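Below you'll find the structure, written out as structure tokens, and then a few comments.
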Number of protein chains: 2
Amino acid sequence: MSPQLAAMTGILKDRGIRLTAERRAILKGIHSCGGHFDADTLLDHFRRRGDRVSRATIYRTLGTLVEIGLLRKIEMGDRQSLYEPVEGREHHEHMICLHCGEIIEFVEPEIERLQDEVCRRSGFTPQDHTLQIYGICYACNCENVAGESGTAGAGR
Amino acid sequence: MSPQLAAMTGILKDRGIRLTAERRAILKGIHSCGGHFDADTLLDHFRRRGDRVSRATIYRTLGTLVEIGLLRKIEMGDRQSLYEPVEGREHHEHMICLHCGEIIEFVEPEIERLQDEVCRRSGFTPQDHTLQIYGICYACNCENVAGESGTAGAGR
DNA sequence: TCTAAATTGAGAATCTGTCTCAACTGGAGA
DNA sequence: TCTCCAGTTGAGACAGATTCTCAATTTAGA
Ligand SMILES: [Zn+2]
Ligand SMILES: [Zn+2]
Ligand SMILES: [Zn+2]
Ligand SMILES: [Zn+2]
């Protein structure tokens, strides 16, 4: 068992959350998915491996993991929500390519600071925020400059 | 007919978009809703007034108005979109109170500039962005400092 | 081991929003 | 003003993501 997985299971135990086979599988699956993933991708992952974890349990467990701070949920307006492990990673926001679906992360502390400042000015107590920039990534830009072929990829 | 409404209908005409009774009603309804609204609120508005505009037409028309730049669509994570008239208003972002549902607008040009800079650094061509801050508004903060009563209001 | 309470799974339900297609209509031209 | 047809509409089917229901199962502590 990897050290991160051990840490995660420890956190669950501390919170009095039972360590079921399904939750173990999900914790393991989260890391093998790498980066950003959605509930359905995780479900497919289990189906392919023969593990059986129901859709309901996946959604429930992902929700729980977000609640206790092990996962971050990124709500994409249209399509389904994405999740990503928090686990020591730096807080960041996302650029999403409308052409190929690529997700690019960026860190910009000054933006975070300005948000806090805006909140302070309004007497608003921030708990969470989402910042997503939609557009065309570098690779897709280059493609388009070259051969203007038909559209493909993740629309929005 | 208000001057804004006249301007809007003019824009539709210029684009060759037919001025049907339903579209007129929607244009009028948009202004009477004031501020931010969602498709269902608009639908209820019509139902109450006895006007009959189908759900399909409301969604189609809101989409059209976004396309031609008369409305802005704000995709809330929870998957229900809000709309707001653009109409000369300054570009802004939103703080949303998790307790009472209040939506507070803010303008922060420096955040916009930093976003552009981040994109430039990555060779990413931005087309659109969403920035929402979720938390507790000033009024709800004060309430809580006083009597600690049970929870109520718009959750998330 | 026993037991209460937490958890699961199958499928129904919900919630937003889109699509289909026959019926209808705005408005340009006669 | 009348005609005509492409653009529009409405009812309801459809779709995708997520949540809910509740009986059956399982965990973890005594
Ligand atoms: Zn791309
Ligand atoms: Zn990320
Ligand atoms: Zn509030
Ligand atoms: Zn606004």
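The structure presented is a predicted model; accordingly, all values stated were derived computationally and were not measured. Every chain is numbered from 1, with letters handed out A, B, ... down the list of sequences.
- We find that CZ of B:Phe46 is positioned 12 Å from P of D:dT9, with the value rounded to whole Å.
- The residue among B:Gln80 and B:Arg18 whose nearest nucleotide of DNA chain C is located toward the 5' end is B:Gln80.
- Picking from C:dA5, D:dG10, D:dT8 the nucleotide with the shortest atom distance to the side chain of B:Glu22 gives D:dG10.
- Look at CG on B:Asp44: it is 11 Å from P on C:dT16, rounded to the nearest Å.
- Separating the CG atom of A:Leu19 from the C1' atom of C:dT8 is a distance of 15 Å, rounded to the nearest angstrom.
- With hydrogens and angles ignored, the 3.5 Å screen pairs no side-chain donor or acceptor of B:Thr41 with any backbone N or O of B:Phe37.
- Taking atom CD1 on B:Ile17 and atom P on C:dG27, their separation rounds to 12 Å, with Å as the unit.
- Residue A:Leu12 contributes atom CG, which lies 10 Å from atom P of C:dT7 at whole-angstrom precision.
- A:Ile133 is connected to B:Leu131 through a chain of hydrophobic side-chain contacts under 4.5 Å among Ile, Leu, Val, Met, Phe, Trp and Tyr, so both are in one cluster.
- For DNA chain D, the neighbouring residues in residues 51-65 of chain A, judged by any heavy atom under 4.0 Å, are A:Arg55, A:Ala56, A:Tyr59, A:Arg60.
- Here the P atom of nucleotide C:dT25 and the CZ atom of B:Arg23 are 14 Å apart, to the nearest Å.
- With respect to B:Glu108 and A:Arg113, no salt bridge is recorded, no charged nitrogen being found less than 4.0 Å from a carboxylate O.
- Look at B:Thr20 and you won't find any side-chain N or O under 4.0 angstrom from OP1 or OP2 of C:dT25.
- Rounding to whole angstrom units, CG of residue B:Leu82 and C1' of C:dT16 are separated by 13 Å.
- Salt bridge A:Lys73/A:Glu75: present, at least one basic N to carboxylate O contact under 4.0 Å.
- Of the possible donor and acceptor atoms, none in the side chain of A:Asn141 sits under 3.5 Å from a partner among the backbone N and O of B:Phe124.
- Distance NZ (B:Lys73) to P (C:dT16): 13 Å, rounded to an integer number of Å.
- By the neighbour-count criterion of 12 heavy atoms within 6.0 Å, atom CZ of A:Phe106 is densely surrounded, having more than that number from other residues, nucleotides or ligands.
- Between the side chain of B:His99 and the main chain of B:Cys97, no donor-acceptor pair closer than 3.5 Å is present.
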